Number of protein chains: 2
Amino acid sequence: MPIWAYDSPVARAATTSDVFNAIAEPQRREILVLLRAGERPVTELAQELGIAQPGASKHLRVLREVGLVRDRKAGKQRLYALDARGLRPIHEWTGGFERFWNESFDRLDAYVQDLKQSRQEE
Amino acid sequence: MPIWAYDSPVARAATTSDVFNAIAEPQRREILVLLRAGERPVTELAQELGIAQPGASKHLRVLREVGLVRDRKAGKQRLYALDARGLRPIHEWTGGFERFWNESFDRLDAYVQDLKQSRQEE
DNA sequence: TTGACGCATGCCGATATGGGCATATGATTC
DNA sequence: GAATCATATGCCCATATCGGCATGCGTCAA
């Protein structure tokens, strides 16, 4: 049996190549929000986020790899810009649950009460 | 200097207590989708996902802790039900980028140029 | 050319995961 | 009670992060 056939435990889907994971990080979400105002250089973003420049660069790299941001060289600087297209699938996926959170809340409350009763544990 | 004052590296936001992280896991998203059809016991979910029961239980725990599912005892079984309210914030957050992905893409370049200009007025 | 910026990377440390397994806990039926 | 389902947990392993730091690299200015 070849070595590569061994079952190797998987920790977590790579954050790279997965938009859901990319935006699971608060600071990365914040970066996207900041970029709505327009292109920005790394240092500026790092400053606004209150983190070190390497940290910002790393987050930007993840965002770039999933296609949520684009970068462009501008002299000494590198300007990052938002490319929100990748967020659309997520918007749509969550949208697929809209009718559930819109369900009548009288009924939901009743349901919750129901749960409270039927649950003795916790 | 007290022990607790040391800088302790933080690995990643706990998946617990954070809906964004909770749905960053493909199988957890799949569970939510399955639950749209109605309550289901753990074993059934595990089977449909093609994973072992402990695995399903763990994912369900995470989902429960962020409030995306509710559970209810039903005899020997424990039925899990969807509570999609927690997905709404995500839907809305991504919705905040709608105007960006709606920009015509022929015009994306032009738009970027545009940003370059409007950035000056900040 | 030599600095000085602006960024990207590599490495380290501490921690969080996810899956596989074995086992504890609960509830139901005999 | 005992045997048996249905779940939840604990543990271990291998890996993925995140942040801090030092450093490499490309670009611009003196």
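Source: prediction; values computed, not measured. Any value given below was found using the heavy atoms of this structure, including those in side chains, with hydrogens, waters and symmetry copies removed. Quick note on labels: first sequence line is chain A, next is B, and so on, each numbered from 1.
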Open item on the list: Show the nearest heavy-atom pair for residues B/Arg85 and A/Trp101, with the distance to one decimal.
Closed with: CA-CB, 3.7 Å

Task: Nearest heavy-atom neighbours spanning B/Gly86 and B/Val19 - done: O-CG1, 3.7 Å

Does [X] make a side-chain N or O approach to OP1 or OP2 of [N] shorter than 4.0 Å?
X	N	answer
B/Thr43	D/dT7	yes
A/Arg61	C/dA8	no
A/Gln77	D/dG26	no
B/Tyr80	D/dA6	no
A/His59	D/dG19	yes

Open item on the list: Between A/Thr43 and A/Gln47, is there a side-chain donor-acceptor contact under 3.5 Å, judged purely by atom types and distance?
Closed with: no

Between the main-chain N or O of [Y] and the side-chain N or O of [X], is there a donor-acceptor pair closer than 3.5 Å?
X	Y	result
B/Arg36	A/Gly96	yes
B/Arg40	B/Leu34	yes
A/Arg29	B/Phe20	no

TODO: Report the residue (B/Ala74 or A/Val42) whose heavy-atom-nearest nucleotide on DNA chain C is the more 5′ of the two.
DONE: A/Val42

TODO: Examine the base of D/dA6 for any acceptor or donor lying under 3.5 Å from a partner atom in the side chain of B/Gln53, and report the outcome as yes or no.
DONE: no

Tell me the interatomic distance from [X], atom [atom1], to [N], atom [atom2], rounded to whole angstroms.
X	N	atom1	atom2	result
A/Phe20	C/dG18	CZ	C1'	19 Å
B/Leu60	C/dT17	CG	P	16 Å
B/Ile31	C/dG19	CD1	C1'	14 Å
A/Leu79	C/dA8	CG	P	11 Å
A/Asp18	C/dG18	CG	P	12 Å
B/Asn21	C/dG18	CG	C1'	14 Å
A/Asp71	D/dG26	CG	P	16 Å
B/Arg72	D/dT7	CZ	C1'	16 Å

Would you mind telling me which of [options] lies closest to the side-chain atoms of [X]?
X	options	answer
B/Lys76	D/dG26, C/dT9, D/dC5	D/dC5
A/Ser57	D/dG19, C/dC7, C/dG18	C/dC7
B/Arg64	D/dA8, C/dG19, C/dG6	D/dA8
A/Arg78	C/dG20, C/dC21, C/dA8	C/dA8
A/Ala52	D/dG20, D/dC21, D/dG19	D/dG20

- [ ] Starting from the 5' end of DNA chain D, give me the residue, B/Arg40 or B/Lys58, whose nearest nucleotide shows up first.
- [x] B/Arg40

Open item on the list: Under 4.0 Å, heavy atoms only, any strand: does A/Gly75 hit a base, just the sugar-phosphate, or nothing?
Closed with: sugar-phosphate

Open item on the list: Any base atoms under 4.0 Å from B/Pro54, or only sugar-phosphate, or nothing? Heavy atoms, all strands.
Closed with: base

